[in-house]
Amino acid sequence: MWDHNETQFGTITVTEATAISETETNAGLLFPNPANEQITVMTDKPIFIYNKLGELVLTTSANPVDLSTLRSGVYLLKSEGVTEKFIKQ
């Protein structure tokens, strides 16, 4: 049992299993944001869209991207190693 007068040392390892890191962001990759039915993405590479649980919900090369199948919410778009958050209204 831990006593408040004792010092405990150990190792804690944290691993992200399903989360998407937002460290690689590039504002302006897509517009409009927030969006209703479609977004335009400034790329000619494949586009991957993830929900807030980190699940891949859409893959496309079409531009503009049709968002009509997505529910309202916050999504992450990845393309060319860049990640940008957007809102589908």
Side-chain angles (χ1 to χ4, degrees):
M1 182 167 173
W2 184 60
D3 181 358
H4 291 285
N5 294 325
E6 294 177 9
T7 303
Q8 298 284 322
F9 293 97
T11 302
I12 298 175
T13 304
V14 178
T15 304
E16 270 185 72
T18 59
I20 298 174
S21 173
E22 292 187 58
T23 56
E24 300 174 8
T25 60
N26 184 24
L29 177 67
L30 60 91
F31 63 91
N33 190 7
N36 289 314
E37 294 299 315
Q38 66 182 23
I39 55 172
T40 299
V41 184
M42 306 304 291
T43 184
D44 59 353
K45 304 293 184 195
I47 298 163
F48 305 94
I49 297 178
Y50 299 85
N51 64 17
K52 63 184 175 182
L53 299 175
E55 300 167 329
L56 181 64
V57 293
L58 182 64
T59 301
T60 186
S61 293
N63 212 348
V65 179
D66 178 13
L67 302 177
S68 63
T69 60
L70 300 181
R71 300 173 82 172
S72 297
V74 177
Y75 293 87
L76 293 175
L77 180 143
K78 290 188 105 177
S79 185
E80 298 186 61
V82 176
T83 301
E84 187 166 345
K85 181 170 48 174
F86 74 93
I87 298 170
K88 162 61 161 70
Q89 295 182 326

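Residues take their numbers from the sequence shown, with the count starting at 1.
- Counting only distance, with no hydrogens or angles, the side chain of N33 and the backbone of I39 share no donor-acceptor pair below 3.5 Å.
- The closest side-chain heavy-atom distance from I49 to F86 is below 4.5 Å.
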- Message: Please determine whether side-chain contact (heavy atoms from CB on, under 4.5 Å) holds for the pair Q38 and D66, giving the CA-CA distance in whole Å, both sets of side-chain angles, and the decisive distance to 0.1 Å.
- Response: CA-CA 5 Å; Q38 66 182 23; D66 178 13; 5.5 Å; no
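- Between Q89 and S72, the shortest heavy-atom distance links the atoms C-OG, 3.0 Å.
- K88 contributes a side-chain N or O that, together with a main-chain N or O of L70, makes up a donor-acceptor pair within less than 3.5 Å.
- Heavy-atom minimum distance, S79 versus P46: OG-O, 3.0 Å.
- Put simply, the side chain of E84 gets close to the backbone of L29: a donor and an acceptor are under 3.5 Å apart.
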- Which is it for L58 and F48 under the side-chain contact (heavy atoms from CB on, under 4.5 Å) test, yes or no, and what are the steps along the way? CA-CA 6 Å; L58 182 64; F48 305 94; over 6 Å; no
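- The two residues S68 and E37 make their nearest non-hydrogen contact at CB-OE1, 3.3 Å.
- Nearest heavy-atom pair across E55 and N51 is OE1-ND2, 2.7 Å.
- Looking at N63, its side chain never comes within 3.5 Å of a backbone N or O of M42 through a donor-acceptor pair.
- Proximity of V57 to Y50: side-chain heavy atoms (C-beta onward) are nowhere separated by under 4.5 Å.
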- Apply side-chain contact (heavy atoms from CB on, under 4.5 Å) to the pair N36 and L67, showing each step before the final yes or no. CA-CA 7 Å; N36 289 314; L67 302 177; over 6 Å; no
